[in-house]
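First comes the structure, then the notes that go with it.
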Amino acid sequence: SVDPGGVNASGVKGYYKRVWSVDLGVYSGEWSWIGNVLSSTTALNEGNWELFVKSEDNAGNQSSESSAALTVDTTAPVIADHGDVITEATSPSGAIVFYTSPGTTDNIDAQGVATCLPASGNTFSLGDTTVTCNATDSAGNPAVPTTFVVHVVDTTPPVIDAHSDETVEATSASGAIVTYTDPNATDLVDGTFAATCVDPSGSEFPIGTTAVTCTATDLNANTALSLFNVIIQDTTDPTASITSPSADTYLRGTATIMADASDAVGIAKVEFFYASIGTKIGEGTETAPGTYSIDWDTTSPDVGDGSHSLWVEAYDNSGNIASSDQISVTVDNTEPTSTIDSPGDGTYWKTPIEIFGSSTDLPATTVEYVKFYYRTSGSEEEWTEISDSQQNNDAEDDPFLWTYDWTPSSDGVYDIKAEATDDAGNTEIGGPTVENVTYDATNPTGAWVTPAADSTVHGIVALEVSASDDTAGIKDVKFQ
């Protein structure tokens with residue numbers, strides 16, 4: 001302070017002070033002398049104050065007062081509590097976490113915001129990270145630090161890639177071995193890895209639909225499930241073929257029909273059919289693995305002689321049906337008939353006996369061959385086949401005209417029979433016969449009785465001879 005008296009000034013004597021409480025709106029007291037040293041200690045409560053001073057010279061003159069505002073603050077701010085933060089991890093590094101820093105209160109300063117580290121918006125690693133918050137008021141009073149924990153957790157299970165259903169054709173009655181690729185699983189923290197599926201790839205799956213369960217568990221024990229179906233189907237028809245008889249065969253009587261049938265899943269049954277309208281003969285019997293047979297009564301009135309188609313239908317265990325190729329066979333249960341035109345009954349032969357005639361077997365088949373038989377006339381002997389007499393109908397003619405010259409081994413009187421057999425094996429029963437056919441290749445014998453040899457005769461002479469024949473007898477005797 002400078003005395004305003006200028007050169008003649010008496011000099012500064014000292015100073016006065018007083019304090020105004022802004023908060024209370026009152027002075028703390030009257031002016032108090034503090035001496036000639038502008039230094040004074042005044043104990044003030046916390047709050048807002050205004051300090052006033054003025055000076056006085058040695059002559060007793062006082063200056064106008066001057067003032068200065070100040071705040072007394074010795075109390076630290078208080079940081080509000082902040083709850084822990086729980087955040088789901090979004091990558092192997094953890095997660096970027098945003099949080100609101102806690103507020104602060106102070107007896108002097110207005111409300112504020114604490115400063116926290118690690119700061120909001122940073123990447124927090126998987127697990128627990130402690131965040132420490134600090135605050136200092138304008139008077140420099142530091143707050144007691146507070147903490148909260150940022151928990152970066154992994155509770156999200158992996159995501160398993162969708163796997164389409166597997167449809168596979170059965171290869172056996174047990175189903176099929178199926179190979180598939182395990183689906184991948186993707187996890188926010190653990191990345192990509194293969195799921196584990198049950199039943200595993202390479203297993204044998206039964207016919208039908210089997211649900212396959214795939215699981216994927218990350219390193220934090222979060223588990224995901226996914227399902228797809230393995231469908232083992234049997235849409236493949238069986239195979240079937242007639243193995244006996246062969247095509248264009250002649251059948252008669254009870255004929256055994258045989259067929260082979262196979263299927264990966266198994267044959268349920270094989271049915272046999274004939275005729276174009278599909279008349280069922282019946283269900284075959286499995287006589288060996290994959291071989292089926294049935295006896296067909298071709299003599300049934302429903303069948304009849306003639307050409308027929310044969311086929312089988314095979315059913316597998318899944319209901320698939322397959323028909324074999326048809327084969328054509330000829331049913332013939334009718335025996336052929338023959339007519340002997342030569343020799344006639346009671347005829348005599350000194351040369352080979354000419355046997356000729358015809359045989360027929362229409363309409364079903366033709367005659368295959370004709371054989372000839374003989375026996376002694378008037379006897380009950382069994383018929384004996386004439387050796388090498390078979391006549392073959394190689395041209396398949398109908399009627400079959402045949403001829404054969406028979407030279408009996410000895411003279412005699414014979415019955416002769418023809419017997420035809422057709423292509424189906426039917427043999428003529430009770431074929432035509434001719435009776436009392438005499439074969440005599442030996443000349444008769446004769447001798448003079450009268451007149452005696454070398455005798456002399458005259459007039460009318462009676463001539464007498466003796467003649468004989470063991471087989472044919474004497475027909476007549478001529479004299480010359």
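- Summarising the geometry of Ser358 relative to Trp402, their closest heavy-atom pair is C-NE1, 3.3 Å, with the distance given to 0.1 Å.
- In the displayed structure, Asp297 atom CG is contacted under 6.0 Å by more than 12 heavy atoms of other residues, nucleotides or ligands.
- Not a single donor-acceptor pair under 3.5 Å links the side chain of Asp165 to the backbone N or O of Ile231.
- Taking every heavy atom of both residues into account, Thr256 and Ser293 meet most closely at CG2-CB, 4.3 Å.
- Using cut-offs of 30° and 60° on the angle between ring planes, the pair Phe148 and Tyr99 is perpendicular.
- No donor-acceptor pair under 3.5 Å is formed between the side chain of Ser324 and the backbone N or O of Trp311.
- Side chain of Glu88 to main chain of Thr156: a donor-acceptor pair is present (N/O by atom type, distance under 3.5 Å, no hydrogens or angles).
- If you check the side chains of Thr254 and Asp295, you find no donor sitting under 3.5 Å from an acceptor.
- Separation of atoms OH (Tyr369) and CG (Asn393) is listed at 12.5 Å; rounding is to 0.5 Å.
- Rounded to the nearest 0.5 angstrom, Ser63 OG and Lys54 NZ are separated by 8.0 Å.
- Note that the CG atom of Asn220 and the CG atom of Leu188 stand 11.5 Å from one another [nearest 0.5 Å].
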Apply side-chain hydrogen bond (donor to acceptor under 3.5 Å, both in side chains) to Asp388 and Gln390, showing your working.
-> CA-CA 6 Å; Asp388 299 324; Gln390 179 172 310; over 6 Å; no
Verify side-chain hydrogen bond (donor to acceptor under 3.5 Å, both in side chains) between Glu428 and Thr421, making sure each step is shown before the conclusion.
-> CA-CA 6 Å; Glu428 188 174 13; Thr421 299; over 6 Å; no
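- At least one side-chain heavy atom of Val265 sits under 4.5 Å from a side-chain heavy atom of Ile207.
- With respect to the salt-bridge test (charged N to carboxylate O, under 4.0 angstrom), the residues Lys269 and Glu283 do not qualify.
- For residues 207-232, no pair satisfies salt bridge (charged side-chain N to carboxylate O under 4.0 Å, His left out), with sequence neighbours left out.
- Inter-residue side-chain proximity for Val150 and Asp128 is flagged as unmet; no heavy-atom pair is nearer than 4.5 Å.
- At a threshold of 4.5 Å between non-hydrogen side-chain atoms, the residues Val189 and Leu126 count as touching.
- Among residues at least two apart or in separate chains, there is no ring-ring contact (aromatic ring centres under 6.0 Å, His included) pair with a member in residues 105-146.
- A side-chain donor-acceptor contact under 3.5 Å links Asp109 to the backbone of Ser138.
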Verify ring-ring contact (aromatic ring centres under 6.0 Å, His included) between Tyr274 and Trp296, making sure each step is shown before the conclusion.
-> CA-CA 10 Å; Tyr274 77 95; Trp296 181 29; 5.1 Å; yes
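- The line from CD1 of Ile232 to OG1 of Thr209 is 9.0 Å long, rounded to the nearest 0.5 Å.
- Evaluation of the ring pair (Phe, Tyr, Trp, His ring centres under 6.0 Å) rule for Trp383 yields no partner, not counting sequence neighbours.
- In this structure, Glu419 does not pair ionically with Lys371, as no charged nitrogen and carboxylate oxygen lie closer than 4.0 Å.
- Counting heavy atoms from C-beta outward, Leu225 and Thr213 have side chains that approach closer than 4.5 Å.
- Residues Val329 and Ser246 approach most closely at CG1-O, 4.1 Å, considering heavy atoms.
- The backbone N or O of Asp423 lies less than 3.5 Å from no partner atom in the side chain of Glu368, so there is not a single donor-acceptor pair.
- Taking 4.5 Å as the limit, every side-chain heavy atom of Gln233 sits out of range of all side-chain heavy atoms of Ser318.
- Panel note: side chain Asn320, backbone Asp234; a donor-acceptor pair is recorded below 3.5 Å.
- In terms of modelled atom types and a separation under 3.5 Å, the side chain of Asp57 and the main chain of Ala59 share a donor-acceptor contact.
- The OG1 atom of Thr223 sits 9.0 Å away from the CD1 atom of Ile160 when rounded to the nearest 0.5 Å.
- With hydrogens and angles disregarded, no donor-acceptor distance shorter than 3.5 Å links the side chain of His82 to the backbone of Gly103.
- In terms of heavy atoms, Pro245 sits closest to Ile257 at CD-CD1, 3.6 Å.
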Tell me, with the steps shown, if Asn333 and Thr298 meet side-chain hydrogen bond (donor to acceptor under 3.5 Å, both in side chains).
-> CA-CA 8 Å; Asn333 287 296; Thr298 65; 3.1 Å; yes
Under the side chain to side chain contact (heavy atoms under 4.5 Å, CB included) criterion, do Asp84 and His151 qualify, and how do the steps go?
-> CA-CA 7 Å; Asp84 289 350; His151 304 277; 3.1 Å; yes
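- Screening residues 182-230 for disulfide bond (SG atoms under 2.5 Å apart), with sequence neighbours left out, gives Cys197-Cys214.
- Although no hydrogens or angles enter the test, the distance criterion places a donor-acceptor pair under 3.5 Å between the side chain of Asp137 and the main chain of Gly140.
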Please walk me through it: do Ser328 and Ser307 pass side-chain hydrogen bond (donor to acceptor under 3.5 Å, both in side chains)?
-> CA-CA 7 Å; Ser328 178; Ser307 178; 3.2 Å; yes
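- Scanning for ring pair (Phe, Tyr, Trp, His ring centres under 6.0 Å) contacts around Tyr315 gives an empty result, with sequence neighbours left out.
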Using the side chain to side chain contact (heavy atoms under 4.5 Å, CB included) rule, take Thr360 and Thr337 through it: C-alpha gap first, then chi angles, then the decisive distance, then the call.
-> CA-CA 6 Å; Thr360 184; Thr337 58; 3.4 Å; yes
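- Between the Asp332 side chain and the Thr334 main chain, a donor and an acceptor come within less than 3.5 Å of each other.
- Here the closest heavy-atom approach between residue Val367 and residue Asp398 is recorded as N-OD2, 4.3 Å.
- Smallest separation of non-hydrogen atoms from Asp422 and Asp361: OD2-OD2, 3.0 Å.
- Contacts of His163 classified as ring pair (Phe, Tyr, Trp, His ring centres under 6.0 Å), with partners at least two apart in sequence or in another chain: Tyr180, Phe228.
- Of the inter-residue distances, the one linking Asp161 atom CG with Thr186 atom OG1 reads 5.5 Å to the nearest 0.5 angstrom.
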